[in-house]
There are 2 protein chains.
Amino acid sequence: MAARTHPPGSDSSSVQDYVKTIYSLSEWRTEPVTSSRLAARLSVANSSVSEMIRKLAELGLVAHKPYRPVELTAEGRRLALAMVRRHRLLETFLVQDLGYRWDEVHDEAEVLEHTVSDTFIDRLDARLGFPSADPHGDPIPTPEGAITLPDARPLDSFDDGHAGRVTRISDEDPQLLRFLAAEDIGLGSVVTVLARIPFGGPLQTRIDTGAGPRDFSFGDELARSIWVESVGEHAGCSLVP
Amino acid sequence: MAARTHPPGSDSSSVQDYVKTIYSLSEWRTEPVTSSRLAARLSVANSSVSEMIRKLAELGLVAHKPYRPVELTAEGRRLALAMVRRHRLLETFLVQDLGYRWDEVHDEAEVLEHTVSDTFIDRLDARLGFPSADPHGDPIPTPEGAITLPDARPLDSFDDGHAGRVTRISDEDPQLLRFLAAEDIGLGSVVTVLARIPFGGPLQTRIDTGAGPRDFSFGDELARSIWVESVGEHAGCSLVP
DNA sequence: CGGTAAATTTAGGTATGCCGAAATTCTGGA
DNA sequence: TCCAGAATTTCGGCATACCTAAATTTACCG
Ligand SMILES: [Mn+2]
Ligand SMILES: [Mn+2]
Ligand SMILES: [Mn+2]
Ligand SMILES: [Mn+2]
């Protein structure tokens, strides 16, 4: 019964989380990764991030000039993708094999990703049939660290008349996921934008989840969390009498 | 992505391991649990154990007078059994569902036991069909903390002529488990003691693993690691011409 | 009934990773 | 160009859990 918290030589779970978060913050949107964005995402003080960034730089995982945004090195990216792979395979396992709901898996995977062995991950991968995306539509990197992002855009960037299939939903907020599930909106749902109400107003859409189309209005946060793959530009007007 | 290593209010994984180890050291043999036995089992300095024991006492998990052995309180025993349940269910899962060998599961369970949620454990339990023992024959406590030890004794306590069925094998040493597997000795094997050679000599037995009986000599360490349930006292002599 | 060897605890120190407050640097108007 | 406010880093501290070396206590043996 080993008491040692983490094997020396390997990266601590904090290091793993920071590197993974740096990757995640720039996976779907390409804004620079600043200390404060990291601090917010990690629920940690800014000063803690500064200190950790110095350490990550010493470890060769990030490139950083003081007061500037941080960027992963090739090695950092490799570690990040390994962690992302772990996280997403674990989420898939929890849904597929243990019957978790898609809003329950993120937090559990967040801690498991640091403690399961490579062997565990490989066995999981095989048992799940080498899935290519997790329950939220996030692509799962290969063991070699290759990843292919679907050609999707956030719903809030769509104009009137555009239609698309939901490809990915951010799993950051469980409440949001629960809400969508209750509304029967999920991966594969087809959304057609009818109208954008300006000044933060809702995005009015027609939505088809398979059980017939209906209208739905997306608020700001919702529209920013949902990523949609284009299925061509129907004349949105034809649906609006 | 929470960076926090362990949620405040709950017990740290060190606390969990110490308490579980205190329980384990007295589960099968009833020698008093001393600092040095704990230190050896946890691969930690004696002084570290002293410090942690003080902390465990403050937490109400152990009763302890300085320079004396330590004992679990009712609350400590509850925590210990919860950890033991987690550990053994995880081991069972790794063997049953992920195809691990019985010598590979201990170390992985040792770290997972601290990170999976109660929900995870409950789902595992159901999915495994509420198993009553782990791959090494160690009984799995109920969610309420009830545990029933089989009426078994270590092989090294058997006299000539006694016969028994292997019920439990200590999972501390993976090499020992691999050796036994290679020799096709496992849970359920029936062992009849033919002779005890004194002064640390081997324990000579006839063993039946289902594929016909054969002779086998157990060394010291082996005989101390194997626990056997009596199946009556055959005239051992009848087997020895 | 000492007196010593073994077991245990205490003392002093290290490494992580976190925090709040204070100092520093950057940046976008005026 | 300058400068205030924002972002970032530095500083001093805290908590956990470990270690080695130096006390301290216990237990056994003569
Ligand atoms: Mn994590
Ligand atoms: Mn996900
Ligand atoms: Mn453990
Ligand atoms: Mn076991």
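No experiment lies behind these values; they were computed from the predicted model shown. These values consider heavy atoms only, across backbone and side chains, with no hydrogens, waters or symmetry-generated copies.
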- Message: Test: ring-ring contact (aromatic ring centres under 6.0 Å, His included). Region: residues 139-160 of chain A. Which pairs qualify, not counting sequence neighbours?
- Response: A:F158-A:H162
Residues which pass side chain to side chain contact (heavy atoms under 4.5 Å, CB included) with [X], listed by chain and number, not counting sequence neighbours:
| X | answer |
| --- | --- |
| B:D97 | A:R127, B:F93, B:R127, B:L128 |
| A:S132 | none |
| A:N46 | A:S36, A:A39 |
| A:P202 | A:I197, A:S217 |

Euclidean distance, atom [atom1] of residue [X] to atom [atom2] of [N] [Å, nearest integer]:
| X | N | atom1 | atom2 | result |
| --- | --- | --- | --- | --- |
| A:L38 | D:dA7 | CG | C1' | 13 Å |
| A:L42 | D:dT8 | CG | P | 14 Å |
| B:N46 | D:dC18 | CG | P | 13 Å |
| A:H114 | C:dG17 | NE2 | P | 12 Å |

- Please name all residues satisfying ring pair (Phe, Tyr, Trp, His ring centres under 6.0 Å) with B:Y23, sequence neighbours left out, ordered by chain then number. none
- Query: Which residues in residues 26-34 of chain B have at least one heavy atom lying under 4.0 Å from any atom of DNA chain C?
  - Reply: B:T34
- If you check every side-chain atom of A:S12, which of C:dG17, D:dC18, D:dT8 has the closest atom? C:dG17
- Query: Is any side-chain nitrogen or oxygen of B:S14 closer than 4.0 Å to OP1 or OP2 of D:dT16?
  - Reply: no
- Would you mind classifying the nucleic acid contact of B:A45 as base, sugar-phosphate or nothing, using non-hydrogen atoms under 4.0 angstrom? base
- Taken in chain and number order and not counting sequence neighbours, the residues that satisfy side-chain hydrogen bond (donor to acceptor under 3.5 Å, both in side chains) with B:E104 are B:R101
- Item | Straight-line distance of A:D103 CG to A:D171 CG, nearest 0.5 Å | 10.5 Å
- Query: Of all of residues 47-60 of chain B, which get a heavy atom below 4.0 angstrom from DNA chain D, listed by number?
  - Reply: B:S47, B:S48, B:E51, B:M52, B:K55
- Item | Sub-4.0 Å heavy-atom contacts from residues 62-71 of chain B onto DNA chain D, ordered by number | B:Y67, B:R68
Please tabulate, for the side chains in residues 57-70 of chain B, all donor-acceptor contacts under 3.5 angstrom to protein atoms that are two or more places apart in sequence or on a different chain.
| from | atom 1 | to | atom 2 | distance (Å) |
| --- | --- | --- | --- | --- |
| B:H64 | NE2 | B:R68 | O | 3.1 |

- Item | Listed partners of B:D118 passing salt bridge (charged side-chain N to carboxylate O under 4.0 Å, His left out), at least two apart | B:R86
- Message: Looking only at the side chains, is there a donor atom on one of B:H114 and B:D17 sitting less than 3.5 Å from an acceptor on the other?
- Response: yes
